[in-house]
Amino acid sequence: MSADTAPPRNQTPATATAALSLTAVAAPVATAVRRPWILMYHSVSDPAHDPYGITVSPDRLDLQLRWLRARGLTGVSVAALLRACAQGRGRGLVGLTFDDGYADFADGALPVLRRHDCTATLFVLPGRLGGDNAWDPDGPRRPLIDEDGIRTAVAAGTEIASHGLYHVDLTRLDDDALREETLRSRAWLREVTGRDPEGFCYPYGTVDGRVASAVRSAGYAYGCAIRPPAGLGGPYALPRTHISQADRSVRLWAKRAGHRAGLR
């Protein structure tokens with residue numbers, strides 16, 4: 001599916017019953033575990049040309065996951081993490097997320113995840129499948145995952161979730177465009193994977209109350225941000241810890257301590 005292909009118009013949002021059942025999974029999280037630790041990755045490839053600091057090499061990802069595992073922590077998808085937390089079984093689990101849906105997830109990230117018995121959530125852009133990261137003005141251009149890559153990731157146990165359609169700041173959109181980004185991206189991923197995506201990730205990490213409400217109304221069970229604004233919390237404003245190539249043991253210790261202290 002190319003970036004200029006229109007999303008299917010014969011898909012409809014999930015029924016109210018399905019949406020309620022999804023939300024019911026995430027709703028108890030705030031009381032079960034106040035702030036689950038969720039790590040944020042992007043591309044897993046050569047970080048030599050990386051003006052945004054979002055690329056981690058496969059070797060560095062391997063080191064980071066070994067660090068987690070040595071401390072009794074297992075990386076899982078956000079959906080699995082939230083379910084476990086809601087059931088009081090979240091201890092020892094860390095959410096692993098990969099934003100933007102880069103094609104290198106299949107060759108760069110999946111083998112390392114398998115090696116450490118971890119799973120993850122891949123946030124993809126249905127409107128740009130098979131395209132590239134045109135929203136990054138300073139490049140470099142990186143290919144994005146296509147439908148076959150998504151199916152490979154699903155077969156490996158990866159949770160596929162939405163990053164919106166085209167990677168735009170949702171807080172700047174009018175209500176109609178916001179519904180397009182949330183509802184249509186969900187329907188498109190349902191067509192590719194055969195299941196309703198449970199999660200949503202706000203592009204650039206930007207979210208406000210109106211955007212969070214739109215994600216909830218679209219039937220998603222949770223929404224991932226980076227540093228949500230003060231006063232916005234719960235399963236539709238989950239904070240995450242950015243992980244970079246520079247993160248080795250000392251920096252990982254500091255980031256874990258910052259999370260525990262509420263500094264994210």
Side-chain angles (χ1 to χ4, degrees), residues 1 3 5-30 35-36 38 40 77-79 81-83 86 95 97-101 121-129 134-135 144 150 159-193 195-240 264:
M1 187 182 302
T5 302
R9 296 183 180 276
N10 60 346
Q11 296 288 338
T12 58
T15 64
T17 300
L20 285 172
S21 64
L22 284 171
T23 305
V25 170
V29 171
R35 296 182 63 256
I38 304 174
M40 178 179 66
S77 69
V78 177
L81 175 64
L82 297 184
R83 288 191 180 94
T97 63
F98 293 79
D99 288 14
D100 302 338
T121 298
L122 179 65
F123 291 113
V124 303
L125 297 153
R128 295 187 184 272
L129 295 184
W135 64 87
L144 301 179
I150 287 178
E159 178 194 10
I160 302 298
S162 177
H163 203 22
L165 282 175
Y166 300 112
H167 204 288
V168 295
D169 183 346
L170 303 183
T171 64
R172 297 176 178 271
L173 301 182
D174 62 29
D175 290 346
D176 289 340
L178 181 56
R179 281 190 291 271
E180 288 282 294
E181 289 283 332
T182 55
L183 284 169
R184 293 184 77 189
S185 66
R186 191 161 192 255
W188 206 338
L189 289 180
R190 181 168 60 244
E191 181 176 274
V192 175
T193 66
R195 65 186 70 176
D196 286 311
E198 296 186 41
F200 191 92
C201 176
Y202 308 106
Y204 305 106
T206 55
V207 58
D208 56 22
R210 182 178 69 99
V211 171
S213 179
V215 167
R216 180 179 58 201
S217 296
Y220 296 96
Y222 69 84
C224 281
I226 301 176
R227 294 180 178 85
L232 191 63
Y236 294 96
L238 296 171
R240 294 180 295 165
R264 301 165 191 171

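Counting from 1, the numbers follow the sequence of the chain as shown.
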Next item on the list: State the CD1-CG distance between I38 and L238, to the nearest 0.5 angstrom.
Entry: 4.5 Å
Checklist line | Non-neighbouring partners of T171 that pass side-chain contact (heavy atoms from CB on, under 4.5 Å), sequence neighbours left out | finding: D169, T206, D208, V211
Note to self: Any non-hydrogen side-chain atom of L170 less than 4.5 Å from a side-chain atom of P203?
What the structure shows: yes
Item checked: Qualifying residues under side chain to side chain donor-acceptor pair (under 3.5 Å), relative to E181, sequence neighbours excluded -> none
Check: Between P36 and L82, which heavy-atom pair has the shortest distance, and what is it?
Finding: CG-CD2, 4.3 Å
Checklist line | Derivation of the side chain to side chain contact (heavy atoms under 4.5 Å, CB included) call for D100 and W135 | finding: CA-CA 11 Å; D100 302 338; W135 64 87; 3.6 Å; yes
Checklist line | Under 3.5 Å donor-acceptor, R186 side chain and S162 backbone | finding: no
Note to self: Quick check for you: to the nearest 0.5 Å, what is the distance between Y222 atom OH and F200 atom CZ?
What the structure shows: 11.0 Å
Next item on the list: Give a yes or no on whether the backbone of L189 and the side-chain of T193 come within a donor-acceptor separation of less than 3.5 Å.
Entry: yes
Margin query: Once side chain to side chain donor-acceptor pair (under 3.5 Å) is applied, do any residues pair with D174, and if so which ones, sequence neighbours excluded?
Written below: none
Notebook entry, point to check: Do the side chain of R190 and the main chain of D196 share a donor and acceptor less than 3.5 angstrom apart?
Noted result: no
Next item on the list: Identify, with sequence neighbours excluded, every residue that meets ring pair (Phe, Tyr, Trp, His ring centres under 6.0 Å) alongside F98.
Entry: Y41, F105
Next item on the list: Report the C-alpha separation of L129 and I150 in whole Å, then their side-chain angles, then the decisive distance to 0.1 Å, and conclude whether the side chain to side chain contact (heavy atoms under 4.5 Å, CB included) test is met.
Entry: CA-CA 9 Å; L129 295 184; I150 287 178; 3.9 Å; yes
Check: For the residue pair P126 and G164, what are the closest heavy atoms and their distance?
Finding: CD-O, 3.0 Å
Item checked: Euclidean distance, L165 CG relative to E180 CD, rounded to 0.5 Å -> 7.0 Å
Check: Got a sec, which residues hit side chain to side chain donor-acceptor pair (under 3.5 Å) with D99, two or more places apart in sequence or on another chain?
Finding: R240
Check: Would you find more than 12 non-hydrogen atoms of other residues, nucleotides or ligands less than 6.0 Å from R195 atom CZ?
Finding: no
Checklist line | Contact summary for A161 and G199, nearest pair of heavy atoms | finding: CB-O, 3.3 Å
Checklist line | Main-chain N/O of C201 paired with H163 side-chain donor or acceptor, under 3.5 Å | finding: yes
Item checked: Heavy-atom check, side chain of F123 versus side chain of Y202, under 4.5 Å -> no
Checklist line | Set of residues satisfying side-chain contact (heavy atoms from CB on, under 4.5 Å) with respect to A214, sequence neighbours excluded | finding: L178
Margin query: Ignoring hydrogens, what is the shortest heavy-atom contact between A221 and P235? Give both atom names and the distance.
Written below: O-CB, 4.0 Å
Notebook entry, point to check: Do you know which two heavy atoms are closest between T97 and M40, and how far apart they sit?
Noted result: OG1-CA, 3.4 Å
